[in-house]
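Quick notes on the structure that follows.
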Amino acid sequence: MKIIIVPIDNRPCVMQFPKKLAEMAGFSVSMPPEELLGRFTEPGRPEEILQWLKKTASKDSVLLISADMMIYGGLIASRSANQDGSKITQRTESLKEFLSSKPCRKAALFSVIMRTFPTFLNSTDIAISGSFKKAIESLFPQKKLTDREFADRLAIENSRAGLEGILPKYLELRKRNASINEAVCRWKKQGIIDMLAIGLDDVVCMGPNIHEAQKLEQMLNGEKDASVCRGTDELPMTMIAYLASKETGISPTFSIEYSSKKGSEAKTIYEQKTVREVIEESVRAAGFEIKDNDGDIKIFCNAPDSRQKETELQHISVPSSKKKFIKARSDEIKKGGYAALADLAYANGSEIAVRNELLEHADPVLVPAYAGWNTSVNTAGTAVARAALKYISEKTGRFNPAKHAEFIMERILDDCEYESSLRASLKLKRLAKGLSVLNMSELDRAETAMSISLKLREKADKIFSSFFKGHHKMSSGKTIDIKSASFLFDLPWPRLFEIKAEAEFEAEEL
């Protein structure tokens with residue numbers, strides 16, 4: 001299967017992750033030149049990407065397209081009200097016309113319901129963020145307000161210090177984006193596209209995004225190959241797994257086991273759902289069935305001990321119950337079981353002590369999937385898609401063990417070594433010095449990236465030598481000899497939030 005992906009922007013999680021997963025499963029992948037995708041607050045170039053698509057698409061290809069990139073120029077651009085409305089209308093019509101021409105075998109589209117809050121980049125934005133949050137909570141309570149109640153509250157909230165004129169502009173922006181999402185739902189119902197996924201970005205409180213999602217769910221009610229779910233960055237991986245299953249007719253079932261029953265019912269920070277609900281929704285969003293026991297793939301979920309916290313608040317220790325949990329999972333992996341680990345104990349990073357336990361007891365190259373990055377749904381979606389693609393590609397004989405091993409290594413370096421350890425310390429040091437962690441100068445970004453690269457390279461070399469180098473017998477029966485590795489680290493955007501951690505192995509199948 002040839003997959004042509006137009007990502008939502010140029011971050012590694014939406015370019016590097018799905019590409020490596022697809023290649024692991026034996027698919028060829030094409031993406032637009034990165035310079036067309038923009039960077040951070042610089043929007044992408046949709047008109048040029050469309051021309052690239054027209055040249056690249058073929059009748060044997062599958063298109064996986066971000067509506068936000070093709071219409072607004074990317075995720076952050078989709079949150080901006082300072083765009084030419086006529087240009088957005090033209091881009092929408094051009095995309096519809098292109099997809100209506102049936103330029104490929106299948107066309108899959110993913111779109112985002114804008115998160116409650118816009119992107120806060122500077123001190124002025126941050127100064128009003130508290131007032132903005134209170135205003136949104138007032139305007140969008142659990143029980144929807146009547147039109148009169150909403151108008152009355154809007155007049156009050158718009159008079160808050162710093163918010164004068166901001167809320168009407170924000171609401172108009174939401175109305176614009178909601179109309180685009182309603183349009184792509186109509187495209188699905190009209191047969192213009194074959195698959196549609198609409199994700200809710202960063203659900204931190206009750207807000208307009210919830211009401212918008214409910215309306216879209218009603219529009220898509222009963223529509224096959226269409227879903228509205230929480231999450232954004234993992235959607236391309238979820239959709240690749242879904243497409244692979246449809247193409248091959250192989251649909252693995254999943255069973256889920258949690259590090260504790262109490263933890264499975266803990267609320268996640270960004271989805272406002274329980275850990276159990278997040279995992280189950282991720283499985284169903286990829287089109288797979290959940291079994292109580294004996295699923296083809298087992299997702300072992302490391303859950304919070306109580307309520308979920310940010311990763312920098314973790315203590316580097318692990319209770320004996322979790323040690324037993326990881327040891328039992330490791331034993332199953334050694335026996336060739338499909339035991340994937342989704343680490344949801346903390347948000348925006350994995351639990352360091354649990355990762356250490358996993359490396360102590362299991363060969364990481366044999367782990368079908370491991371993830372612990374960003375929001376819980378990002379982690380869950382990655383683990384589910386990863387495990388499903390490994391299962392499907394092994395059944396079809398297209399599995400690439402080197403790409404699989406590289407991705408596991410990248411998750412260890414990114415999700416754990418950077419997100420849960422190095423980033424937390426860098427953030428505290430920079431804040432103590434009054435330095436930005438959200439919008440750095442280019443010189444600052446480059447210097448910080450160099451420092452991060454030096455620190456992570458040292459860790460990468462040690463982890464590679466201890467756990468990856470040498471022979472590994474895969475569950476497929478293949479043996480892979482990993483001989484050497486090269487690593488690349490960078491800060492792709494001028495902020496600390498994400499890094500590019502890329503591993504490339506010299507390996508040979510024996």
Side-chain angles (χ1 to χ4, degrees), residues 3 12-13 15-31 237 240 330 333-334 336 338-341 350 355-356 358-373 382-383 385-394 396-419 422 449 452-490 492 498-510:
I3 306 176
C13 60
M15 287 191 70
Q16 177 187 337
F17 292 16
K19 184 174 188 293
K20 188 150 282 188
L21 259 64
E23 289 174 344
M24 178 206 73
F27 304 129
S28 66
V29 179
S30 296
M31 289 187 181
M237 294 181 277
I240 290 170
S330 301
I333 292 167
K334 289 175 184 176
Y338 269 80
L341 177 60
S350 61
R355 191 288 311 264
N356 293 342
L358 181 69
L359 288 179
E360 180 180 339
H361 295 295
D363 180 347
V365 178
L366 303 187
V367 177
Y370 167 74
W373 66 288
T382 303
R386 173 72 175 189
L389 284 166
K390 182 175 186 293
Y391 183 93
I392 292 168
S393 60
E394 286 190 339
T396 59
R398 299 176 64 89
F399 175 62
N400 185 324
K403 294 295 180 185
H404 166 77
E406 288 170 0
F407 193 75
I408 294 290
M409 181 67 165
E410 289 165 0
R411 302 278 49 77
I412 290 172
L413 293 172
D414 185 347
D415 305 3
C416 190
E417 296 298 337
Y418 180 71
E419 303 292 344
L422 182 54
I452 289 170
S453 181
L454 291 172
K455 292 174 182 177
L456 286 180
R457 193 174 300 278
E458 182 179 351
K459 290 181 177 291
D461 289 340
K462 289 180 180 179
I463 293 169
F464 175 77
S465 297
S466 299
F467 302 105
F468 286 83
K469 189 175 183 179
H471 292 191
H472 307 264
K473 188 171 183 180
M474 310 296 292
S475 58
S476 61
K478 295 181 178 180
T479 296
I480 180 174
D481 178 20
I482 302 176
K483 300 177 180 181
S484 63
S486 60
F487 300 100
L488 173 65
F489 302 102
D490 194 16
E498 67 273 292
I499 61 162
K500 181 176 186 178
E502 192 166 10
E504 186 173 340
F505 293 165
E506 181 190 350
E508 179 183 5
E509 289 184 37
L510 303 177

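Closest approach of His472 to Gly470, counting heavy atoms only: CD2-O, 3.2 Å. Taking each heavy atom of Trp373 and Met237 in turn, the nearest pair found is CZ2-CE, 4.1 Å. The shortest non-hydrogen separation linking Phe468 to Ala405 is CE2-O, 3.6 Å. In terms of heavy atoms, Lys473 sits closest to Leu366 at O-CD2, 3.0 Å. Pairing each heavy atom of Met474 with each of Ile480, the nearest pair is SD-CG2, 4.0 Å. Taking all atoms of both residues into account, the shortest heavy-atom contact from Ala387 to Ala340 is CB-CB, 4.0 Å.
The backbone N or O of Asp461 sits less than 3.5 Å from a side-chain atom of Ser465, completing a donor-acceptor pair. Side-chain atoms of Ser466 do not come within 3.5 Å of backbone N or O of Ile463 as any donor-acceptor pair.
Residues Leu358 and Leu341 form a side-chain contact, since some pair of their non-hydrogen atoms from C-beta on lies under 4.5 Å apart. Using a 4.5 Å heavy-atom cutoff, the side chains of Ile482 and Lys469 are not in contact.
Taking CZ of Arg457 as the reference point, atom CG of Leu413 lies at 10.5 Å (rounded to 0.5 Å). Atom-to-atom distance recorded for Asn356:CG and His361:NE2 is 10.5 Å, nearest 0.5 angstrom. Atoms CD1 and OG, on Ile3 and Ser30 in that order, are 10.0 Å from each other to the nearest 0.5 Å. Interatomic distance, CZ of Phe27 versus CD1 of Ile240, reported as 8.5 Å (0.5 Å rounding).
In terms of the salt bridge (charged side-chain N to carboxylate O under 4.0 Å, His left out) criterion, Glu360 has no residue partners (sequence neighbours excluded). Every ring pair (Phe, Tyr, Trp, His ring centres under 6.0 Å) that Phe407 has, sequence neighbours left out, goes to Phe17. The ring pair (Phe, Tyr, Trp, His ring centres under 6.0 Å) test applied to Tyr418 returns no partner, not counting sequence neighbours. Every side-chain hydrogen bond (donor to acceptor under 3.5 Å, both in side chains) that Asp490 has, sequence neighbours left out, goes to Arg445. Applying the ring pair (Phe, Tyr, Trp, His ring centres under 6.0 Å) criterion to Phe464, with sequence neighbours excluded, gives Phe505.
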Take Phe399 and Met24, measure what side-chain contact (heavy atoms from CB on, under 4.5 Å) needs, and give me the verdict at the end.
CA-CA 6 Å; Phe399 175 62; Met24 178 206 73; 3.7 Å; yes

Check the pair Arg355 / Glu417 against side-chain contact (heavy atoms from CB on, under 4.5 Å), numbers first and verdict last.
CA-CA 10 Å; Arg355 191 288 311 264; Glu417 296 298 337; 2.9 Å; yes

Could you go through the side-chain contact (heavy atoms from CB on, under 4.5 Å) check for Ile499 and Leu422 one step at a time?
CA-CA 11 Å; Ile499 61 162; Leu422 182 54; over 6 Å; no

Run Leu456 and Phe487 through side-chain contact (heavy atoms from CB on, under 4.5 Å) and show every step you take.
CA-CA 9 Å; Leu456 286 180; Phe487 300 100; over 6 Å; no

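For residues 397-411, the set of pairs meeting the side-chain hydrogen bond (donor to acceptor under 3.5 Å, both in side chains) definition, not counting sequence neighbours, comprises Gln16-Glu410, Lys20-Glu406, Lys20-Glu410, Arg386-His404, Arg411-Asp414, Arg411-Asp415.
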